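First the structure, in the form of C-alpha cells, and then the observations on it.
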Amino acid sequence: MKLEDVKVIGVVGAGVMGHGIAQVAARSGYEVILVDINDEILKKALENIKSGPYGLQRLVEKGKMTKEEMEKCMERIKTSTSYESLRNVDFLIEAVPENLELKRKIFAQLDKICKKEAIFATNTSGILVSSIATSVERKDKFIGMHWFNPAPVMRLIEVVRGALTSDETFEITVELSKKFGKVPIPANDAPGFFTTRFINSWLVEAIRLYENGIAGIKEIDEMCKLAFGFPMGPFELMDLIGLDTVLHIAEYLYNETKEKHYAPPITLKKLVFSGYLGDKRFKFGSRGGWYDFYGIKK
Ligand code: NAD
C-alpha cells in the first residue's frame with residue numbers, strides 16, 4: 001500500500017479529539033467516516049467541526065476558506081453509529097477513551113470488519129501501542145498516531161511504532177501526517193511516549209502545589225502564562241484535554257512505572273468522580289472543569 005491508495009479515512013470516537021481529527025482529514029480532501037455510540041454525540045461533533053471554536057466557520061471568517069469549500073468539506077464527512085460503515089476505509093484512526101480494554105475490544109471487532117489492507121492507528125495518549133496491538137491480527141499494520149489538542153491547530157503528531165509495525169505502515173503514517181499539514185516526529189513505544197510523560201509531570205505538579213496551598217488555580221495559570229510565556233496554564237490545559245483523560249493517563253503511568261510523581265492527586269479524582277470532566281463545549285456530558293467546580297471567574 002502507498003499513500004496514494006489512502007482515499008477513505010475512518011475515525012472511531014467523535015469526542016474532543018475525534019471530531020478535530022475528522023475535520024483535519026476532510027479539510028485535506030479525504031472522505032471521512034466518523035463513528036460514535038449515539039447520534040447525539042455525532043450531531044454535536046458535526047456542529048463543532050462547522051462552528052466550534054476551532055471549526056471551519058472560523059476559517060471562512062478569516063478568509064482562509066470559502067463558504068463553498070466549507071460546505072464541500074462538511075459533505076465529505078459521513079457519520080455512523082455502526083462499525084460496519086468502516087468496512088472499506090483505508091486508514092482508521094481510533095480516538096475512544098483512554099482505556100486499554102475498551103480499545104482492545106473495539107480493535108478486535110474492527111479487525112474482523114475492515115478490509116485486510118487497512119492501517120489501524122490509535123490516538124492513545126500513552127498506552128503502550130504494542131499492548132493495544134495484541135487485539136488484532138494485522139500487527140504489522142498497527143501504529144500509534146498521537147495527535148494534540150486542539151487537533152485542527154496543533155502541528156505535532158507523535159508517531160509511535162509498535163513492536164511489529166512494518167516500515168510501510170510507519171512511512172504511510174508519516175506521509176499522511178504531512179498531508180494533513182502536521183509535523184510527524186517518531187518516539188519509542190513506552191508508557192506515555194515522550195510528550196505525555198513530560199506533560200503529565202507538569203500537570204500533576206500544578207495540582208499538588210495547589211493542594212499544598214502554594215497558590216490558587218487562577219493564580220497558577222496566570223503565573224505560568226506570564227512567567228514562562230505558555231499560551232495557557234496547567235488548569236486551563238486540563239479543562240481542554242478532559243479531566244477524565246488526565247486521570248486515566250496519570251493512573252496508567254503510575255501503575256506502569258511505580259514512580260510516585262506520576263500518581264493522580266486526590267483533588268483530580270474528586271472532580272472526575274463528581275462529573276467535572278472538563279470544558280463543556282467539547283466534553284460531552286461534562287458539568288465543567290476546574291474553574292466551574294470552584295466557582296472561579298476567568
Ligand atoms: P472523549 O471522551 O472526548 O471522546 C471519546 C469518544 O469515544 C466519546 O465521544 C465516546 O462516546 C466515544 N466512544 C466510547 N466508546 C466507544 C465505542 N465503543 N465506539 C465508538 N466510540 C466510542 O476523549 P478524547 O479526549 O477525544 O480522547 C480520545 C483518545 O485520544 C484517548 O485515547 C486520549 O487519551 C487521546 N488523546 C486525548 C487528547 C486530549 O487532549 N483530550 C490529546 C491527545 C490524545
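Bear in mind that the values here come from a model prediction, so they are computed numbers and not experimental data. Read the numbers this way: they start at 1 and go in the same order the structure lists the ligands and their atoms. Start at 1 with the first residue, then count along the sequence.
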Applying a 4.0 Å heavy-atom criterion (strictly less than), which segment of [X] is in contact with ligand 1: side chain, backbone, both, or neither?
{"X": "Leu240", "answer": "neither"}
{"X": "Lys283", "answer": "side chain"}
{"X": "Thr122", "answer": "neither"}
{"X": "Val96", "answer": "both"}
{"X": "Asn123", "answer": "both"}
{"X": "Trp147", "answer": "backbone"}

Which heavy atom of the protein is the closest neighbour of [atom], given with residue, atom name and distance?
{"atom": "atom 16 (C) of ligand 1", "answer": "Ile37 CG2, 3.6 Å"}
{"atom": "atom 26 (O) of ligand 1", "answer": "Met17 N, 2.8 Å"}
{"atom": "atom 14 (C) of ligand 1", "answer": "Pro97 CD, 3.5 Å"}
{"atom": "atom 6 (C) of ligand 1", "answer": "Asp36 OD2, 3.7 Å"}
{"atom": "atom 25 (O) of ligand 1", "answer": "Val16 CB, 3.5 Å"}
{"atom": "atom 4 (O) of ligand 1", "answer": "Gly15 CA, 3.3 Å"}
{"atom": "atom 17 (C) of ligand 1", "answer": "Tyr83 OH, 3.3 Å"}
{"atom": "atom 33 (C) of ligand 1", "answer": "Ser125 OG, 3.4 Å"}

Ring geometry between Tyr30 and Phe180 (parallel below 30°, tilted from 30 to 60°, perpendicular above 60°)
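Perpendicular, since the angle between the ring planes exceeds 60°.
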Parallel, tilted or perpendicular, judged at 30° and 60°: which one describes the rings of Trp290 and Tyr294?
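If you compare the ring of Trp290 with that of Tyr294, the planes turn out parallel.
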Is [Y] paired with [X] through a side-chain N to carboxylate O contact shorter than 4.0 Å?
{"X": "Lys105", "Y": "Glu101", "answer": "no"}
{"X": "Lys178", "Y": "Glu175", "answer": "yes"}
{"X": "Glu222", "Y": "Lys225", "answer": "yes"}
{"X": "Lys72", "Y": "Glu69", "answer": "no"}
{"X": "Lys139", "Y": "Asp111", "answer": "no"}
{"X": "Lys218", "Y": "Glu236", "answer": "no"}

Between Trp202 and Phe230, is the ring centre distance below 6.0 Å?
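Distance test on ring centres: under 6.0 Å, yes.
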So is Leu102 polar-close to ligand 1, meaning N/O to N/O under 3.5 Å?
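No, Leu102 has no N/O under 3.5 Å of an N/O on ligand 1.
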Looking at ligand 1, does any of its N/O atoms fall within less than 3.5 Å of an N/O of Val35?
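No, Val35 has no N/O under 3.5 Å of an N/O on ligand 1.
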Is there a donor-acceptor contact under 3.5 Å from the side chain of Asp90 to the main chain of Lys7?
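Looks like yes, one N/O pair under 3.5 Å.
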Taking the side chain from Arg138 and the backbone from Ala118, do they hold a donor-acceptor pair closer than 3.5 Å?
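Side chain of Arg138 to backbone of Ala118: a pair is present.
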Hydrophobic clusters here meaning ILVMFWY residues chained together by side-chain heavy-atom distances under 4.5 Å, can you tell me if Tyr276 and Val246 are in one?
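Yes, it is one cluster - the side chains of Tyr276 and Val246 are joined through contacts under 4.5 Å.
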Nearest option to atom 5 (C) of ligand 1, as decided by whichever heavy atom of Gly126, Ser286, Ala95 sits closest:
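Closest candidate by heavy-atom distance is Ala95.
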Yes or no on salt bridge (Lys or Arg N to Asp or Glu O under 4.0 Å) for Glu71 and Lys50, after CA distance, side-chain angles and deciding distance?
CA-CA 9 Å; Glu71 298 303 342; Lys50 192 164 185 182; 3.7 Å; yes
For [X], state whether at least one heavy atom is located under 4.0 Å from any atom of ligand 1.
{"X": "Glu94", "answer": "no"}
{"X": "His146", "answer": "yes"}
{"X": "Gly242", "answer": "no"}
{"X": "Phe282", "answer": "no"}

